[in-house]
K.L.:
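This is the structure I want to talk about, given as structure tokens.
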Amino acid sequence: MKRIFAAKFFSIMSRVLSEQEQLRRQSLEDLRKLGIDPYPADLFPVDSHAKKIKENYEEGKEVTLAGRIMSRRIMGKASFAELQDASGKIQIYLNRDELCPGEDKTLYNDVFKKLLDIGDIIGIKGTQFKTQVGEISVQVKELTVLTKSLRPLPVVKTDKDGKAHDAFTDPEQRYRQRYVDLIVNPKVKEVFEKRTRIINSMREFFNAKGYLEVETPILQPIPGGAAARPFVTHHNALNTELYLRIANELYLKRLIVGGFDGVYEFAKDFRNEGMDRTHNPEFTVMEIYVAYKDYNWMMDFTEKMLEKVTTDVLGATKVTFGENEINFKAPFKRVPILEAIKEHTGYDVAEMNVPELMEVCKKLDIEVDDSMGKGKLIDEIFGEKCEANYIQPTFITDYPVEMSPLCKKHRDNPNLTERFELMVNGKELANAYTELNDPIDQLGRFQEQLKLSEKGDDEAMFIDQDFVRALEYGMPPTSGMGIGIDRLVMFLTNNASIQEVLLFPQMKPEKKSVELSEAEKTIFEILKKEEKMELNELKEKSGLSNKQWDKGMKGLNKHGLAKVEVDGDDKSVHLL
RNA sequence: GACUUGCUAGCUCAGCUGGUAGAGCACAUCCCUUUUAAGGAUGGGGUCCAGGGUUCGAACCCCUGGCAAGUCACCA
């Protein structure tokens, strides 16, 4: 462990600095020589923000601002720059003789013009004014260096039409260095501000009804509540395997047993499965459970909640997503899954047994295998042929019992369950049940899952004996609902990729940079003994491939350690 | 996991049939007191993702690997 950290540290320490980085480090030293601390400890008494000034412009009013220099236009004794704070950008104007009224013009001539760069964080005190072109600006009277930036920032320029030039767009760099993305791409910041507003709005909705926000374990001895492959970890002191939760359902229901009327949790869940533009290994789900309710009530509740969230966050229920316009105005359509299948395939699969369903799948060109039970087959048909048709928010209800081991059987048909999934833009957004609270039925369903597991289904649920024990004490009739927060944010921010709504999407680690060239070392070691050698002899002795030889020699040449001398056909290498 | 595409300066990208690596912005120097994606002039800056192969010669062709994006499969 220690060695890994040491290696990483070393590679950072030995990083070759670019010309611009070296210059910035030089400026850092020069600032210190002038007695300016480039990383001061004092608080800076900010009393305004860029946005506030633009919205409530008052000619001549004094303001104190802090932010990052995003561009500079230096014209001799006067300069313009853009300052970006948390609220946005504002232009600042620096006039040499206004900033430095006395004899000493160092602050303008040296500090601002030479030692500061784009990306540095400064504090200013100055007065509001409008330029001749009419742009609201602040004339700087005092300037404080707050943080020197040592790496050059991508410079994104936006023209009058709002078109970005040289935008920082490479997804890999944007996700790995989200901080840079947030600095230079204001739209990205908006997405995450919106994400928080969405969550806040939902929380308000639940709290207004008196439901309790709770926290349940992420490290679980039995990963329950969903069908998914978990991450496994190990607790040293307990010497036991633990799993990162794949859902928090079973814990929240234990709390309903415990006597809470309504509990909810915004939960990070973890699933050890593939990644793509809609799946990240860790993702956020909101789950809520309310006692003495059923899934019909939960449908009303869910559509009201979404109507509120979209209105709060967007000011409207209509959302543009890709090419579709989605309207979250309640009520949403409600379609039983068997009717959906009948409508989109023409087959009435309600009374069919497994061989008949297999036959239907074959006719519909759906791949099947022998391990599939009735529920899985129906789910496949729906997933392949129906799901994509539900663009507007639609509750698909009454799923087959085999697919829903935690859901109460339908009051009118024991082959179905009281379950709904909310489909939006052809994708599942939320999932809800009238919760199964019959402990004997629950144990039986778990045992069915065990059989699936023995058949080779590695996503089948584990038996959670403690959960069954809890139900044996009695859980009131309850309805529960889970909603994928990341997906919801995608819809409401019109992003097709989950990475765009996660601040730090999962990425493979960056490769460590190679420290020192082996080829250079090899050649140098041989050459050191001889001072001067015939080129081919040295090359042969080094035993390097052509490419490595070439790189090694170029490297040594660059470092000023060795040089090739050409004399007619004779080529020799000598130390410098 | 499979397939496709990409990886060249701090950023965005060119780079022809294999023949000494280019532009814009950024940066440096000098000039310039209300400019606005870009004031003017001059200049510096490269492990062409890594490794191997072919070749007199590879950013370019071939092989292997890395990372990313997209599509598909699985899943929420």
Side-chain angles (χ1 to χ4, degrees), chain A residues 16-24 26-27 71-82 89 91 93-98 108 114 117-119 129-135 137 139 150-176 180 184 226-229 246-247 269 271-281 283-285 367 383 421 427-431 458-459 482-488 490 496-499 505 507-514 517-520 545-548 550-552 554-555 558:
Chain A
V16 178
L17 298 179
S18 70
E19 183 193 27
Q20 292 193 48
E21 287 174 298
Q22 288 171 25
L23 284 163
R24 281 170 183 241
Q26 186 57 52
S27 299
S71 70
R72 297 199 302 166
R73 295 179 284 282
I74 297 173
M75 302 156 299
K77 299 186 191 70
S79 301
F80 287 95
E82 276 180 300
K89 285 183 198 161
Q91 177 168 275
Y93 173 68
L94 298 97
N95 180 300
R96 189 191 65 184
D97 299 322
E98 294 283 339
Y108 181 77
K114 297 213 190 314
D117 292 288
I118 289 175
F129 79 107
K130 276 187 188 170
T131 62
Q132 288 179 355
V133 204
E135 171 140 356
S137 309
Q139 165 143 7
L150 297 182
R151 284 181 189 252
L153 220 46
V155 178
V156 182
K157 298 192 174 175
T158 311
D159 65 22
K160 281 204 178 81
D161 307 325
K163 191 180 167 234
H165 297 256
D166 300 326
F168 182 62
T169 50
D170 176 32
E172 178 168 4
Q173 294 200 73
R174 287 185 47 234
Y175 302 151
R176 285 194 196 281
V180 176
V184 303
R229 279 183 286 271
I246 54 174
D269 287 349
R271 297 191 184 175
N272 206 341
E273 289 164 352
M275 289 168 62
D276 59 29
R277 72 180 207 293
T278 55
H279 296 87
N280 195 64
F283 59 104
T284 305
V285 169
E367 273 185 50
E421 288 195 355
K427 293 265 158 55
E428 179 193 340
L429 177 62
N431 181 23
D458 56 358
E459 289 185 347
I483 181 166
I485 297 298
D486 308 305
R487 290 237 171 125
L488 179 62
M490 286 164 69
S497 159
I498 196 169
Q499 290 147 305
M507 291 255 158
K508 279 208 185 183
E510 285 178 89
K511 207 177 18 169
K512 257 189 293 177
S513 57
V514 182
S517 160
E518 283 300 316
E520 286 168 28
S545 71
N546 288 341
K547 200 155 261 178
Q548 284 294 359
D550 192 49
K551 293 222 168 190
K554 278 178 181 162
K558 199 179 159 189

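Note: hydrogens, waters and symmetry copies are ignored here, and every other heavy atom, side chains too, is used. Letters go in sequence order (proteins before strands), and every chain restarts at 1.
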K.L.:
Paired with B:rU17: which nucleotide, if any, by Watson-Crick or G-U wobble criteria at under 3.5 Å for both distances?
P.N.:
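No nucleotide pairs with B:rU17.
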
K.L.:
Partner of B:rA26 by Watson-Crick or G-U wobble geometry, both contacts under 3.5 Å, or none?
P.N.:
none

K.L.:
Across all strands, who's sitting opposite B:rC7 as a Watson-Crick or G-U wobble pair, both distances under 3.5 Å?
P.N.:
B:rG66

K.L.:
Does A:Asp97 have any salt bridge (charged side-chain N to carboxylate O under 4.0 Å, His left out) partners at least two apart in sequence or in another chain, and if so, which?
P.N.:
A:Lys105

K.L.:
Determine the contact category for A:Asn280: base if any of its heavy atoms lies under 4.0 Å from a base atom, sugar-phosphate if only primed atoms, P, OP1 or OP2 are that close, otherwise nothing.
P.N.:
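Base, at least one base heavy atom under 4.0 Å.
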
K.L.:
What's A:Lys114 touching, base or sugar-phosphate or nothing? Going by heavy atoms closer than 4.0 Å.
P.N.:
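A:Lys114: backbone/sugar contact only, no base atoms under 4.0 Å.
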
K.L.:
Under the side-chain contact (heavy atoms from CB on, under 4.5 Å) test, which residues partner A:Glu21, sequence neighbours left out?
P.N.:
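side-chain contact (heavy atoms from CB on, under 4.5 Å) check on A:Glu21 returns A:Arg15, A:Leu17, A:Ser18, A:Arg151, A:Pro152.
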
K.L.:
Holding to side-chain contact (heavy atoms from CB on, under 4.5 Å), I want the full list of residues that pass it with A:Asp170, two or more places apart in sequence or in another chain.
P.N.:
A:Glu172, A:Gln173

K.L.:
Going through the checks in order, is the side chain to side chain contact (heavy atoms under 4.5 Å, CB included) test met by A:Thr278 and A:Met490?
P.N.:
CA-CA 9 Å; A:Thr278 55; A:Met490 286 164 69; 4.0 Å; yes

K.L.:
How close or far is atom C1' of B:rU33 from atom CD of A:Gln132, stated in whole angstroms?
P.N.:
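To the nearest whole Å, that distance equals 10 Å.
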
K.L.:
Report the distance from atom CG of A:Asp97 to atom P of B:rU34, rounded to the nearest whole Å.
P.N.:
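So the two atoms are 13 Å apart, to the nearest Å.
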
K.L.:
If pairing requires Watson-Crick or G-U wobble contacts with both distances under 3.5 Å, which nucleotide is the partner of B:rG1?
P.N.:
B:rC72

K.L.:
Residues two or more places apart in sequence or in another chain: which of them pass salt bridge (charged side-chain N to carboxylate O under 4.0 Å, His left out) with A:Glu273?
P.N.:
none

K.L.:
Using a cutoff of under 3.5 Å, can you pull out all pairs of nitrogen or oxygen atoms linking the protein to nucleotides 72-74 of chain B, with atom names and distances?
P.N.:
residue : atom : partner  : partner atom : Å
B:rC74  : N4   : A:Asp276 : OD2          : 3.2

K.L.:
Quantified in whole Å, what is the C1' atom distance between nucleotide B:rU42 and nucleotide B:rC56?
P.N.:
39 Å

K.L.:
For A:Arg176, answer base if it contacts any base atom (sugar-phosphate contacts may also be present), sugar-phosphate if it contacts only those atoms, and nothing otherwise; contact means non-hydrogen atoms under 4.0 Å.
P.N.:
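Counting heavy atoms under 4.0 Å across all strands, the contact made by A:Arg176 is with sugar-phosphate only.
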
K.L.:
Only counting residues at least two apart or in another chain, list the ones meeting salt bridge (charged side-chain N to carboxylate O under 4.0 Å, His left out) with A:Asp117.
P.N.:
A:Lys148

K.L.:
Measuring only between side-chain heavy atoms, which start at C-beta, is A:Ser27 closer than 4.5 Å to A:Lys114?
P.N.:
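Result no, sub-4.5 Å side-chain heavy-atom pair not found.
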
K.L.:
Using the P atom as the point on both nucleotides, what is the distance between B:rU29 and B:rC48, in whole Å?
P.N.:
28 Å

K.L.:
Among residues at least two apart in sequence or on other chains, which ones pass salt bridge (charged side-chain N to carboxylate O under 4.0 Å, His left out) with A:Arg174?
P.N.:
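A:Arg174: salt bridge (charged side-chain N to carboxylate O under 4.0 Å, His left out) contacts with A:Asp181, A:Glu500.
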
K.L.:
Go through it in stages, so that I can follow the logic: the residues are A:Gln499 and A:Ser497, the test is side chain to side chain donor-acceptor pair (under 3.5 Å), and I'd like the CA-CA distance, side-chain angles, deciding distance and then a yes or no.
P.N.:
CA-CA 5 Å; A:Gln499 290 147 305; A:Ser497 159; 3.1 Å; yes

K.L.:
For a quick check of understanding: with a heavy-atom distance under 4.0 Å over all strands, which category does A:Tyr175 fall into, base, sugar-phosphate or nothing?
P.N.:
sugar-phosphate

K.L.:
Select base, sugar-phosphate, or nothing to describe what A:Glu428 touches, counting heavy atoms under 4.0 Å on all strands.
P.N.:
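Sugar-phosphate contact only - A:Glu428 comes under 4.0 Å of backbone atoms but never of a base.
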
K.L.:
Under 4.0 Å, counting only non-hydrogen atoms across every strand here, what does A:Asn431 touch: a base, just sugar-phosphate, or nothing?
P.N.:
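No contact at all - A:Asn431 keeps every heavy atom at 4.0 Å or more from the nucleic acid.
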
K.L.:
Which one, B:rG70, B:rU33, B:rA69, comes nearest to the side chain of A:Ser497?
P.N.:
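Among the listed nucleotides, the one closest to the side chain of A:Ser497 is B:rG70.
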
K.L.:
How would you label the contact of A:Gln499 with the nucleic acid (heavy atoms, under 4.0 Å): base, sugar-phosphate, or nothing?
P.N.:
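Result for A:Gln499 = sugar-phosphate.
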
K.L.:
Return the value, rounded to whole Å, for the distance between atom CZ of A:Arg24 and atom C1' of B:rC27.
P.N.:
9 Å

K.L.:
When the P atoms of B:rG6 and B:rC13 are compared, how many Å lie between them, rounded to an integer?
P.N.:
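Rounded to whole Å, the distance is 14 Å.
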
K.L.:
Quick one: list whatever passes ring pair (Phe, Tyr, Trp, His ring centres under 6.0 Å) with A:Phe80, sequence neighbours left out.
P.N.:
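With neighbours one apart ignored, the set is A:Tyr93.
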
K.L.:
Tell me if a side-chain donor or acceptor on A:Arg72 pairs with a main-chain N or O of A:Ser79 at a distance below 3.5 Å.
P.N.:
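Checked: no pair found.
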
K.L.:
Tell me: CZ of A:Arg174 to C1' of B:rC67, nearest whole Å?
P.N.:
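The distance from CZ of A:Arg174 to C1' of B:rC67 comes to 17 Å, rounded to the nearest Å.
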
K.L.:
Can you measure A:Lys77 atom NZ to B:rC31 atom P for me and round it to whole angstrom units?
P.N.:
10 Å

K.L.:
Between A:Leu17 (CG) and B:rG45 (P), how many Å, whole number?
P.N.:
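From A:Leu17 CG to B:rG45 P: 16 Å.
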
K.L.:
Does the A:Asp486 side chain pair with the main chain of A:Thr284, one donor and one acceptor, at a distance under 3.5 Å?
P.N.:
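Such a contact is found between A:Asp486 side chain and A:Thr284 backbone.
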
K.L.:
I need the CD-P distance between A:Glu421 and B:rA76, as an integer number of Å.
P.N.:
8 Å

K.L.:
Quick one: list whatever passes side-chain hydrogen bond (donor to acceptor under 3.5 Å, both in side chains) with A:Ser71, sequence neighbours left out.
P.N.:
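Applying side-chain hydrogen bond (donor to acceptor under 3.5 Å, both in side chains) to A:Ser71 gives A:Glu82.
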
K.L.:
Could you go through the side chain to side chain contact (heavy atoms under 4.5 Å, CB included) check for A:Val155 and A:Asp166 one step at a time?
P.N.:
CA-CA 7 Å; A:Val155 178; A:Asp166 300 326; over 6 Å; no

K.L.:
Tell me the partner of B:rA38, counting only Watson-Crick (N1-N3 plus N6-O4 or O6-N4) or G-U wobble (N1-O2 and O6-N3) with both under 3.5 Å; none if nothing fits.
P.N.:
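Checking every strand shown, B:rA38 finds no partner, since no pair has both distances under 3.5 Å.
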
K.L.:
Is there a Watson-Crick or G-U wobble partner for B:rU54 with both distances under 3.5 Å, and if so, which one is it?
P.N.:
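None - no nucleotide pairs with B:rU54, as no candidate has both distances under 3.5 Å.
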
K.L.:
Could you identify the nucleotide paired to B:rG44, looking across every strand shown and requiring Watson-Crick or G-U wobble geometry with both distances under 3.5 Å?
P.N.:
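In the structure as shown, B:rG44 has no Watson-Crick or wobble partner.
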
K.L.:
Show the distances under 3.5 angstrom between N or O atoms of the protein and N or O atoms of nucleotides 38-41 of chain B.
P.N.:
residue : atom : partner : partner atom : Å
B:rA38  : OP1  : A:Arg73 : NH1          : 3.4

K.L.:
Could you work out the separation of B:rG52 and B:rC60 based on their P atoms and round it to a whole Å?
P.N.:
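Comparing P positions in B:rG52 and B:rC60 gives a spacing of 13 Å.
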
K.L.:
Could you go through nucleotides 3-12 of chain B and list every protein N or O atom that sits under 3.5 Å from one of its N or O atoms, giving the distance for each pair?
P.N.:
residue : atom : partner  : partner atom : Å
B:rC11  : OP1  : A:Gln173 : OE1          : 3.1

K.L.:
Pick the P atom in B:rU12 and in B:rA69, then give their distance to the nearest Å.
P.N.:
15 Å

K.L.:
With A:Ala247, which residues qualify under side-chain contact (heavy atoms from CB on, under 4.5 Å), at least two apart?
P.N.:
A:Ala226, A:Asp269, A:Arg271, A:Glu287

K.L.:
I want to confirm an ordering. Mapping A:Pro171 and A:Arg487 to their closest nucleotides on RNA chain B, which one lands closer to the 5' end?
P.N.:
A:Pro171

K.L.:
Could you tell me how far B:rG53 sits from B:rA59 if I compare only their P atoms? Round to whole Å.
P.N.:
15 Å

K.L.:
May I have the distance from A:Phe80 (atom CZ) to B:rA37 (atom C1'), rounded to whole angstrom?
P.N.:
16 Å

K.L.:
Taking the P atom in each of B:rU17 and B:rC61, what is the distance between them to the nearest angstrom?
P.N.:
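Nearest-Å result for B:rU17 against B:rC61 at atom P: 10 Å.
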
K.L.:
Can you check the distance between B:rG19 and B:rG45, where both ends of the measurement are the C1' atom (answer in whole Å)?
P.N.:
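Approximately 24 Å lies between the C1' atom of B:rG19 and that of B:rG45.
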
